[in-house]
Amino acid sequence: MPCLNSPGQAADFLRALPGRPCALQLDTGMNRLGLEPAELEALLPDVARLAPVLAISHLACADEPDHPLNVAQAAAMTGFAARLPGVRLSLAATGGILLGAGHHFGLVRPGVGLYGGMPFAAAEPVVALSLPVVQVRDVAAGEAVGYGATWTAAEPARVATVAAGYADGLLRALGDGGFDLLAGDVRCPVVGRVSMDLVTVDVTGLDRVPPMLDVLGPRQGVDDLARAAGTIGYEILTGLGPRYERVYKGGSQRPETA
């Protein structure tokens, strides 16, 4: 079902697909996509023919509960509702759901909260990511590791190389100690730069190096990585690339594509 966000799209839809279901996108203050109030007013004579089943908008500052734009956007949505009687409205994604019933309207859109991401602080993580160890080597004191020789061993160390890198969504900004991999409860810091396909990890503190080291799980979530990289959990989640083998648990069916 197309979501129409401009007068031109609405006109094209009426010409090409009259009588088919559609949704409208409304701009309540984010100024990214959607019909402005004046544009909707001009479109009202055609709304009966459009017969939208849904009208949506999006909150700009839902992750900041006290931001005044949250209240202003809910008020704007209420104003749109008066012009679209009988049309189901949707304003809130995960952050908006947490703002309370005044932002819920007729339908909510939980997104990142389903994956255990902020701003849903009470959520449990549902994504785990483990990386295979492809080599373990002894590094002498004074030897450097990785591109640019940005990490030098201060004393004899053991370094594991794992098979993933920034081509797989492990951001280059996370290199040089920006995050840890885990062997059970033991944290193993990344040393040197994150490269395209590989990450190097100090495993000196392990009695035995396991075949896999954990990046994401109950002890380190997407928002932990996001904070270390100076970004948000959405970027970490959406950046997890197609080269990972995906295993789906807890459902009755596995998607046809991973």
Side-chain angles (χ1 to χ4, degrees), residues 25-26 28-30 32 54-78 81 88-131 164 168-171 173-174 177-190 212-241 244-255 258:
Q25 186 158 9
L26 310 172
T28 55
M30 193 173 187
R32 187 176 64 173
L54 180 70
I56 71 168
S57 191
H58 196 59
L59 292 165
C61 303
D63 56 345
E64 301 176 50
D66 296 327
H67 199 288
L69 191 54
N70 293 322
V71 174
Q73 286 192 258
M77 197 66 168
T78 300
R88 200 175 193 186
L89 303 179
S90 177
L91 176 64
T94 294
I97 294 169
L98 298 172
L99 292 176
H103 290 80
H104 292 177
F105 292 90
L107 180 148
V108 295
R109 312 186 304 269
V112 71
L114 297 177
Y115 294 86
M118 293 295 285
F120 190 8
E124 295 184 7
V126 300
V127 178
L129 175 61
S130 300
L131 305 179
D168 305 292
L170 299 179
L171 302 179
L174 290 167
F179 74 114
D180 299 328
L181 275 66
L182 290 102
D185 293 326
V186 180
R187 289 185 169 273
C188 305
V190 168
M212 307 284 285
L213 292 172
D214 299 332
V215 180
L216 296 174
R219 298 172 186 84
Q220 181 167 264
V222 293
D223 290 292
D224 296 316
L225 287 192
R227 281 188 290 272
T231 184
I232 57 176
Y234 294 83
E235 185 174 7
I236 300 297
L237 278 173
T238 58
L240 297 179
Y244 295 120
E245 178 187 4
R246 283 157 163 80
V247 178
Y248 297 88
K249 298 181 178 181
S252 60
Q253 293 183 336
R254 179 189 175 120

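We count residues from 1, following the sequence as given. Just so you know, these numbers use all the heavy atoms, side chains as well, and skip hydrogens, waters and symmetry mates.
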Short side-chain to backbone donor-acceptor contact, [X] and [Y], under 3.5 Å:
X      : Y      : result
Thr94  : Pro110 : no
Tyr244 : Asp168 : yes
Thr78  : Ala74  : yes

Worksheet item: For the residue pair Ala226 and Gly233, what are the closest heavy atoms and their distance?
Response: CB-N, 3.5 Å
Discussion item. Which heavy atom of Ala55 sits nearest to which heavy atom of Met77, and what is that distance?
Written reply: O-CE, 3.5 Å
Within the structure provided, determine whether [X] and [Y] are in side-chain contact (heavy-atom separation under 4.5 Å).
X      : Y      : value
Gln220 : Asp214 : no
Leu91  : Ile56  : no
His103 : Asn70  : yes

Discussion item. Just checking Phe105: does its CZ atom have more than 12 heavy atoms from other residues, nucleotides or ligands closer to it than 6.0 angstrom?
Written reply: yes
Worksheet item: Heavy-atom count around Arg88 CZ within 6.0 Å, excluding the residue itself: above 12?
Response: no
Discussion item. side-chain contact (heavy atoms from CB on, under 4.5 Å) for Ser57 and Gln25? Distances and angles first, verdict last.
Written reply: CA-CA 6 Å; Ser57 191; Gln25 186 158 9; 6.0 Å; no
Worksheet item: What do the steps show when you test Arg246 against Leu240 for side-chain contact (heavy atoms from CB on, under 4.5 Å), and what is the final call?
Response: CA-CA 10 Å; Arg246 283 157 163 80; Leu240 297 179; 4.1 Å; yes
Fill in: Pair Leu213-Leu182, side-chain contact (heavy atoms from CB on, under 4.5 Å): steps then yes or no
CA-CA 6 Å; Leu213 292 172; Leu182 290 102; over 6 Å; no
Fill in: Residue from Leu26, Val108, Leu54 passing side-chain contact (heavy atoms from CB on, under 4.5 Å) with Ser90
Leu54
